[in-house]
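To start, the structure itself, in structure tokens.
In what follows, chains are A, B, ... by sequence order, proteins preceding strands, each numbered from 1. Remember, it's a predicted structure, so these values are computed and weren't measured experimentally.
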2 protein chains.
Amino acid sequence: MSIAEPLPRYAEIRRALEEKILSGEWPPGHRVPSEHDLVAQFGCSRMTVNKAISALAAAGLVVRRRRSGSFVAAPKSQETVLEVHDIKAEITGSGRAYRYVILDRERRRARPEDLARLGAARGPLDVEALTVLHFADERPFVHERRLINLAVVPAAAREAFAASPPGTWLLEQIPWTEAEHIIRAENAGADVAHHLAIARGAACLVVVRRTFQAGATITAVTLTYPGERHQLVARFSPATR
Amino acid sequence: MSIAEPLPRYAEIRRALEEKILSGEWPPGHRVPSEHDLVAQFGCSRMTVNKAISALAAAGLVVRRRRSGSFVAAPKSQETVLEVHDIKAEITGSGRAYRYVILDRERRRARPEDLARLGAARGPLDVEALTVLHFADERPFVHERRLINLAVVPAAAREAFAASPPGTWLLEQIPWTEAEHIIRAENAGADVAHHLAIARGAACLVVVRRTFQAGATITAVTLTYPGERHQLVARFSPATR
DNA sequence: CCGTTATTATTGTCTATACATAATCAGCCT
DNA sequence: AGGCTGATTATGTATAGACAATAATAACGG
């Protein structure tokens, strides 16, 4: 049982509208009463009503158009909030011992496939290419292949990554403004299988993440998790977004 | 180049604060100036400043505490908006021919493993268990195993699923209020491999989705995609959340 | 020194009002 | 009919002020 807390007025109004929408009483395309009407109905000021509807608009439940009014939005594709943790934080956060090893490191002029991975169309570019293996309680946890754009993060060339792995270090160095994830399944190749101590051909969850700042790609990383031991969890409720 | 549009005042203030946070000038834990101070600094009313900071709080960039002030939030786990489309819409939306086959169907009293899949702890429950295969351009696209809670959707027992597959039908029937996804990689078993026309042991992307309404589980579905032919894409930018 | 109480700073919510902006509508002129 | 114009309507943004809720801090009394 939930406690009957005194909801703020705007939340109350929001709930009331949300209920109509989620219950299907107001189908997509249905016009929500105007702010003026709701003011009369709920006996409060327009600002309060506005706050309620604006919140619904921000949550994507309604679309607002000047002069026309507010309308129940078409059912969107299901969106879900996917949490992708920093690996070091993910492991230490669950009380396991964390360790990492840099398997390979090379500074080079970006090759065509590097440019493709970074999603950068243009020109000559220097990158730092790293291969890292992360352990949780001394068991291989994830295999990481990373490219760092040295045009954006020149300091990466001088960093030894002794204290923190590249991903964690980068997070501390520069904040990202945009990220893109691609998630797929792959059979483990010989090399990855060896490092992760799994059978060749075992299913792996592959997460490719590109991180951007002001349009420029900061880094592109391919994380390969043993499929049997890892899963991503995502949760979503449109009402509380 | 972006056009120099006249930003509303509150957005301007929001940007200014955001810039301090994202640039690292204000590290996590740093105290944001009080609304009163910002009013003086920006020469606007407190409501305007409040709107700006409240938006940042809603985006998770700051945490607000009465009397104490507003503080830059600890760097969250990276959250990403994952779009999971309705399968029928996903296929037809990309111009491919869509078809589905119901491989198996059974109405039964929920077994212990069914209850576990639904995440329902309590009692006797009737479920509709379906196995569906979806095709895109006559090629197997995804294998679906679904349980429908008949206590919530009794109509599912009388539905033939002739016009729409169960997932699409359910979306039309009852709106969900919460969803949970689990994503992992698995090697294809004999049965799934056969239906998807892939090699046994091939890596598959498995998405398990549970959908709730007001606490009760509506449906639990396990979608198995051929790993080589499917991937999930997710994009995120904190500034525009 | 400790516990209680009063003060105060800060955010949370709300009102009433105002003007701006955009889109629609009706009417008018050509 | 076609197009221009102005009125209307609904939302977008902003202001100034008010009171409530909360928690940190200071003042006080034992």
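Between chain A and DNA chain C, the heavy-atom contact criterion of under 4.0 Å yields a 5' to 3' nucleotide range of dT13(C) to dC25(C).
One finds a salt bridge joining R9(A) and E12(A) here, because a Lys/Arg side-chain nitrogen approaches an Asp/Glu carboxylate oxygen to under 4.0 Å.
V62(A) places a side-chain heavy atom less than 4.5 Å from the side chain of I53(A). In this structure, the side chains of E144(B) and H134(B) come closer than 4.5 Å at one or more pairs of heavy atoms. No side-chain heavy atom of I218(A) sits less than 4.5 Å from a side-chain heavy atom of N149(A). V72(A) has its side chain within reach of V32(A): a pair of non-hydrogen atoms, C-beta onward, lies under 4.5 Å apart.
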Q: Spell out protein contact along nucleotides 6-16 of chain D as letters: B when the base is contacted, S when just the sugar-phosphate is, - when no protein heavy atom is under 4.0 Å; keep the 5' to 3' order.
A: --BBBBBBBBB
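Residues satisfying the salt bridge (Lys or Arg N to Asp or Glu O under 4.0 Å) test with R145(A), not counting sequence neighbours, are none.
A salt bridge (charged side-chain N to carboxylate O under 4.0 Å, His left out) check over residues 57-67 of chain B, counting only residues at least two apart or in different chains, returns the pairs E35(B)-R64(B).
Using modelled atom types, one finds no donor on one side chain facing an acceptor on the other under 3.5 Å when comparing R210(A) with T219(A).
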Could you give the side-chain donor-acceptor pairs of residues 151-170 of chain A under 3.5 Å, partners two or more places apart or in another chain?
from    : atom 1 : to      : atom 2 : distance (Å)
E159(A) : OE1    : W169(A) : NE1    : 3.1
E159(A) : OE2    : F161(A) : N      : 3.3
T168(A) : OG1    : D86(A)  : OD1    : 3.0
T168(A) : OG1    : D86(A)  : OD2    : 3.3

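Remark: K88(B) is not positioned above the aromatic ring of Y98(B), lacking an NZ or CZ atom under 6.0 angstrom from the ring centre and at most 45 degrees off the axis.
With the end axes of the helix from dT10(C)-dA21(D) to dT30(C)-dA1(D) each set by five pairs, the angle from one to the other reads 0° at 10° resolution.
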